[in-house]
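Nothing fancy with the numbering, it's 1 onward along the sequence. Being a predicted model, the structure only gives us computed values, none of them experimental. Just so you know, ligand 1 is whichever comes first in the structure, and atom 1 is the first atom listed for that ligand.
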Amino acid sequence: MSKQQPYLLTPGPITTTMSVKQAMLWDWGSWDGDFRAMTKALCEQLVSYVDDQGEFVCVPVQGSGTFAVEATLATLVPEEGKALVLMNGAYGQRMTKILDYMGRDYVALDKGDYEPPRGEEVAAILEADEKITHVLVVHCETSSGILNPIAEIADVVERFDRRLIIDSMSAFGAIDIRSTDFRFDAIVSSANKCFEGVPGFGFSLLRKSELEKAQGNAHSLSMDLYDQWTYMEKTGQWRFTPPTHIVAAFMQALKEHAEEGGIEGRFARYSRNQQRMVEGMRKLGFKTLLADEWLSPIIVTFFSPTHENFSFERFYELLKARNYIIYPGKLTEAESFRLGCIGQLYDAEIDGLLDAMAAVLDEMQIPNGNSAQ
Ligand SMILES: *Cc1c(COP(=O)(O)O)cnc(C)c1O
């Protein structure tokens, strides 16, 4: 390829390897035994990352990550159930929107743009409301980059004997989460974040005993993971046209994930990316939204410079001209932007990004990245 591909400093889709892209250069029949074997291996490998007790099953579903979140909520939260949504950003908010569409009862603990929901707060709500059956939490809230205190919340949910559903879309594959560490009932993620596959399907890792009770819960055929699961168990096939090329790319991505040392290896590289990036950005005068304690190795929010020459659109275009694609911020109060640490990024790419940042500030005649925040 003559043109240099861009580096995606975004939380997915992310920069993938050439070998992952090349794995898509083959046509698979959906009914064919080879493809069914791939689906089986895919599910077994994903389950093995959370559970070796035989308590979880993997149900993949076509579409982006949100489809998998919606399908999980539709399947697990029954009509007579009630959810507590822990909200501190766009993805928690999206779960309430999904529940609105489905007409499921819920309450939300809204912590604003970036404050973490804490165990005691969850305990107080669960104590006061016995109708709550399910607690919904986002692992890494990608809108600010905060890593929510998932273990602390899981302990409380277990103490009150409610079910826990974790949107670990942007964390699973890089942040270890095992059924033996604390109790949860479902983890949702997708192909194109920390596993470094291409976008096109999501998956839910579900506690089998909960899924078995979920027949008839879903309001929608396409979103019914119980139906997808029982059909897959029976036939080895996806119910409807599977994203064959994307599954093939994902199998290659899983292989490369294992070669890098699995979850631990990926966590190490992403953490290194994050530290190198934050350190370099701070040297340029930029400030992070979050204190170090809450920073994730997935994505980091920086305040935009308050200098009058700053415009996000120009900043973005000038970085793009240097092959770095950044991500706009999502804060309601202050202007910000985000830099992802995930995907095929190593020291050289982080250093290249920092050099590009310095050059762009210079070109915009902004003396440093300082913000008044
Ligand atoms: C990316 C992401 C999603 C899903 O987003 P899609 O655009 O539907 O793939 C859901 N939750 C979190 C926390 C995410 O980072």
Side-chain angles (χ1 to χ4, degrees), residues 8-16 60-74 76 83 85-99 101 108 110-117 135-150 153 164-175 177 184 186-205 220 222-223 225 243 246-247 249-250 253 266 270 274 289-290 294-301 325-331 336-343:
L8 303 178
L9 281 295
T10 68
I14 40 77
T15 311
T16 57
V61 65
Q62 298 93 329
S64 84
T66 304
F67 288 63
V69 174
E70 182 157 350
T72 302
L73 299 185
L76 289 189
V85 186
L86 307 181
M87 211 156 85
N88 58 344
Y91 293 102
Q93 247 163 32
R94 189 175 294 172
M95 290 202 283
T96 64
K97 207 167 173 182
I98 290 170
L99 295 168
Y101 264 79
D110 186 358
K111 302 291 308 221
D113 275 351
Y114 56 87
E115 295 289 336
V135 177
L136 281 36
V137 65
V138 181
H139 195 178
C140 170
E141 181 39 272
T142 322
S143 34
S144 65
I146 190 171
L147 200 53
N148 281 324
I150 211 90
I153 289 161
L164 181 64
I165 299 173
I166 303 172
D167 169 356
S168 187
M169 202 68 63
S170 61
F172 189 60
I175 296 180
I177 177 165
F184 52 82
I187 292 184
V188 191
S189 191
S190 72
N192 63 278
K193 292 199 175 179
C194 298
F195 282 105
E196 304 191 354
V198 300
F201 74 88
F203 54 87
S204 195
L205 299 160
S220 146
S222 304
M223 294 282 111
L225 292 185
I246 294 159
V247 169
F250 194 73
R266 204 139 280 186
Y270 291 173
Q274 188 249 57
L289 163 72
L290 300 171
W294 298 107
L295 290 181
S296 65
I298 307 298
I299 189 165
V300 180
T301 299
I325 305 284
I326 67 164
Y327 210 54
K330 247 186 189 164
L331 302 180
S336 61
F337 62 91
R338 290 174 287 171
L339 298 178
C341 318
I342 68 177

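- N88 places no side-chain N or O within 3.5 Å of a backbone atom of K111 that could act as its donor or acceptor partner.
- Proximity of H139 to ligand 1, defined as any heavy-atom pair under 4.0 Å, is not found for any part of the residue.
- When heavy-atom distances to ligand 1 are checked against a 4.0 Å cut-off, T66 comes that close through both its backbone and its side chain.
- If you check each of V188, T142, V69 against atom 13 (C) of ligand 1, the one with the closest non-hydrogen atom is T142.
- When the side chain to side chain donor-acceptor pair (under 3.5 Å) test is applied to R266, the partners found at least two apart in sequence or on another chain are E260.
- In this structure a side-chain-to-backbone donor-acceptor pair under 3.5 Å is present from E141 to G92.
- Atoms of ligand 1 lying under 4.0 Å from any heavy atom of S170, numbered from 1 in the order shown and given with element: 15 (O).
- Looking at S168, its side chain never comes within 3.5 Å of a backbone N or O of H139 through a donor-acceptor pair.
- Looking at T66, its side chain never comes within 3.5 Å of a backbone N or O of V69 through a donor-acceptor pair.
- For atom 9 (O) of ligand 1, the closest non-hydrogen atom of the protein is G65 N, 3.0 Å.
- Counting atoms of ligand 1 from 1 in the listed order, those under 4.0 Å from a heavy atom of V138 are 13 (C).
- With 3.5 Å as the limit, one finds a donor-acceptor pair spanning the side chains of S204 and T72.
- Looking only at heavy atoms of the protein, atom 11 (N) of ligand 1 is closest to D167 OD2, 2.6 Å.
- In terms of the ring-ring contact (aromatic ring centres under 6.0 Å, His included) criterion, residue partners of F337 (sequence neighbours excluded) are, by chain and number, F286, F302, F315.
- Under the 30°/60° scheme for interplanar angles, the aromatic rings of F250 and F203 are found to be tilted.
- With hydrogens left out, the protein atom closest to atom 1 (C) of ligand 1 is K193 NZ, 1.4 Å, a heavy atom.
- Backbone and side-chain nitrogen or oxygen atoms of Y91 are examined, and none is located within less than 3.5 angstrom of a nitrogen or oxygen of ligand 1.
- With a heavy-atom cut-off of 4.0 Å, E141 does not touch ligand 1 at all.
- For C140, every heavy-atom contact with ligand 1 shorter than 4.0 Å involves the backbone, none the side chain.
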